[in-house]
Amino acid sequence: MVDNPYEWLQNAIDQLPELLQPLLVMLAGAIPYIEGEGAAGLGILAGINPIVAAVAGAAGNILCVIGVVFLGARMREGVVSRKAARTEAMRLEPSLVGGSGTATDSGGTSPSDTDAEKPSRKTKGRAKLGRWLVRFGVPGASILAPLALPTMLTAAFFVASGVSKRWVILWQVVAIVLWTSLIAAAATGALALLGW
């Protein structure tokens, strides 16, 4: 049997009132890259009941995703309506919007400039998510998405792509519950196996 390296965490959590312990896990679930599954795993390591930790972590993650979806949808509606108004104004009076109509090279990036830039982890994740969205649709991409990006970024990506708010929320909730349950079960099993 291996000594428990998380005894300090368990002692710190034990000093909190029992009602605050799941709230702490819930707050952790709202943080990108920790999310429901990470928060549940940490809660279980801290000695919180696995079911309580999983529900609290998933709830924090779900509430944050719902907020991102509604905020993202509102922003998208604003962008789409401004673009439609601009298009309509251009159609009615091109001289009001466009200027001279000639294009000039005003210091854009050359191909050698962009070749030197390496794509970030987030950029690679978005590209992967876009491929999954085309290949598997929103349900499959939502379930696979935590392998590439946090659910908050995934939800924002879907909404920005024009996917219905309800559809995004439904499948993000399914993905959060699935991944949180899997990690909670794995953490519970690992702790039982290690005797912590």
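- No chain of hydrophobic side-chain contacts below 4.5 Å, direct or via other Ile, Leu, Val, Met, Phe, Trp or Tyr residues, connects Ile34 to Ile66.
- The side-chain heavy atoms of Met75 and Val79, taken from C-beta on, include no pair separated by under 4.5 Å.
- Once rounded to the nearest 0.5 Å, the distance linking CG of Leu42 with CD of Glu37 reads 11.0 Å.
- Trp8 and Leu16 fall within the same hydrophobic cluster, where Ile, Leu, Val, Met, Phe, Trp and Tyr residues are linked whenever their side-chain heavy atoms come under 4.5 Å apart, directly or through other members.
- Going from atom CG of Leu144 over to atom NZ of Lys128 covers 10.0 Å, rounded to the nearest 0.5 Å.
- Between the CD atom of Glu7 and the CG atom of Leu45 there is a distance of 13.0 Å, given to the nearest 0.5 Å.
- Between the side chains of Ser142 and Gln172, a donor-acceptor pair is found at a separation under 3.5 Å.
- Separation of atoms CZ (Arg74) and NZ (Lys165) is listed at 9.0 Å; rounding is to 0.5 Å.
- The shortest non-hydrogen separation linking Gly29 to Ala39 is N-CB, 3.4 Å.
- Residues Gln10 and Gly47 come closest through the heavy atom pair CG-N, 4.0 Å.
- Glu35 places no side-chain N or O within 3.5 Å of a backbone atom of Ala30 that could act as its donor or acceptor partner.
- Inter-residue side-chain proximity for Leu147 and Trp179 is flagged as met; some heavy-atom pair is nearer than 4.5 Å.
- Hydrophobic clustering, with ILVMFWY side chains joined whenever heavy atoms are under 4.5 angstrom apart, groups Val174 together with Phe157.
- Annotation for Ala155 and Val68: closest pair CB-CG1, 4.3 Å, computed over non-hydrogen atoms.
- Scanning all heavy atoms of the two residues, the minimum distance from Ala141 to Phe136 falls at N-CB, 4.0 Å.
- With no hydrogens or angles considered, a side-chain donor-acceptor pair links Asn61 and Thr151 at under 3.5 Å.
- Using a 4.5 Å heavy-atom threshold, the side chains of Leu24 and Leu20 count as separate.
- Residues Phe70 and Val65 fail the side-chain proximity criterion, which asks for heavy atoms closer than 4.5 Å.
- Following chains of ILVMFWY side-chain contacts shorter than 4.5 Å, one cannot reach Val55 starting from Val177, and the two form parts of different hydrophobic clusters.
- The line from CD1 of Ile176 to CE of Met152 is 7.0 Å long, rounded to the nearest 0.5 Å.
- Ile183 and Ile62 fall into different hydrophobic clusters, defined by Ile, Leu, Val, Met, Phe, Trp and Tyr side-chain heavy atoms under 4.5 Å apart, directly or through other members.
- The minimum heavy-atom distance linking Val52 with Ile48 is given by the pair CG1-CG2, 4.0 Å.
- Distance alone, capped at 3.5 Å, places no donor-acceptor pair between the Trp132 side chain and the Ile143 backbone.
- Listed here is the closest heavy atom pair of Val159 and Arg76: O-CD, 2.9 Å.
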